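Taking it in order: structure first as structure tokens, then the write-up.
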Amino acid sequence: MTESQFAVVPLEVVQDRRLTLEQTRVLVALFSFRNKVTNTVWPSRAAIAERTGMHPSNISSATTALVNLGWLQKEGSGGHSKSTRYTLCVPDLLIPTTVAHSATVADSATVARSATQTVADSATPPLADSATRKEQSIEHTNEQKNTARARSTDIAKPVEVTDQTWSDWLQLRKTLRAAVTQTAIDGINREARRAGYTLEQALVTCCANGWRGFKAEWMQQRGQQQQAPRETAYQQQMRERVAVLTPRFAAQPPKQHAGDFFREQAIEVQAQEVGGARMIGGQR
């Protein structure tokens with residue numbers, strides 16, 4: 001079992017939000033090479049890569065970013081068995097809100113697989129087409145309802161209609177979930193004139209009967225039903241008696257007055273002259 005190694009780093013390392021994971025690992029590794037006497041270290045890139053578990057090609061880009069962030073000073077470029085000298089520094093942090101552009105890693109640098117964590121594709125499934133269409137349908141329906149409400153408020157009350165009738169009719173249309181449009185008002189007005197009604201009377205009739213619309217034919221049918229003759233109890237009794245005596249008269253429609261019924265059923269008898277008459281008791 002190998003002995004654990006420790007690195008003493010300033011608290012500002014964890015407070016600096018500009019540092020990426022890769023840059024933090026490289027910076028901690030450089031502090032691990034530091035001794036108590038000096039802040040200058042000169043480990044090779046291979047040595048830094050061994051302590052960080054990173055690829056050696058990523059070390060140079062990380063140290064360059066640390067220089068730009070004020071954490072390092074570099075002397076020399078390495079090579080020919082000479083390591084680069086790093087002087088460790090602690091920058092004055094102002095708690096920046098955004099990461100400086102110079103703090104980003106070069107495009108050529110790649111992060112080791114162990115240092116990254118990717119989300120599985122199955123964890124972020126795309127929205128199904130059916131759900132998208134459903135949302136679009138709901139939005140379209142809401143737009144139509146809003147448009148219908150806006151049109152309803154734009155319709156002005158006709159001059160010939162009273163405020164109370166207009167208010168009642170608007171409430172009826174709302175209850176029936178029917179839009180208030182100029183086309184609907186014109187249609188009711190047209191049918192009202194055919195039936196001999198005013199628009200006021202037509203709307204009152206709609207409110208009284210809970211009608212969504214108004215038709216002249218409806219009023220004509222109601223008028224015919226009200227004008228149809230009705231058989232009284234006396235007429236029914238006489239018709240039943242006549243049906244027993246003369247069945248052929250029972251099929252005829254009832255009359256409004258009993259006198260009319262019997263006048264139509266009267267039997268004509270031809271008059272004849274009588275030669276003589278004998279009175280009761282012998283007197284003429």
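Heads up: numbering here begins at 1 and tracks the sequence. Everything quoted here is computed from the prediction, not taken from an experiment.
- To the nearest 0.5 Å, atom CH2 of residue W166 and atom CD of residue E160 are 10.0 Å apart.
- C89 SG to Q73 CD: the interatomic distance, rounded to the nearest 0.5 Å, is 4.0 Å.
- What you find for C206 and F214 is that their closest heavy atoms are SG-CB, 3.8 Å.
- Distance OG1/T20 to CZ/R25: 10.0 Å, rounded to 0.5 Å.
- For the pair R51 and F33, the cation-pi criterion (under 6.0 Å, within 45° of the ring axis) is fulfilled.
- In this pair, W71 and F31 present their aromatic rings perpendicular. The plane angle is above 60°, beyond the 30 to 60° band.
- Side-chain contact check for T165 and T162: at least one donor-acceptor pair (N or O, by modelled atom type) lies under 3.5 Å.
- Checked by atom type and distance alone, the side chain of R45 never pairs as donor or acceptor with a backbone atom of S60 at under 3.5 Å.
- Between the side chains of W218 and N209, no donor-acceptor pair is found at a separation under 3.5 Å.
- Side-chain contact between T64 and L72 is absent, with no heavy atoms from C-beta onward closer than 4.5 Å.
- Residue Y86 forms a side chain to side chain contact (heavy atoms under 4.5 Å, CB included) with just one option from I48, L27, V26, N39, and that option is I48.
- At a threshold of 4.0 Å, the pair E191-R194 counts as salt-bridged, since one of the basic side-chain nitrogens sits closer than that to a carboxylate oxygen.
- With hydrogens and angles disregarded, a donor-acceptor distance shorter than 3.5 Å links the side chain of R18 to the backbone of L69.
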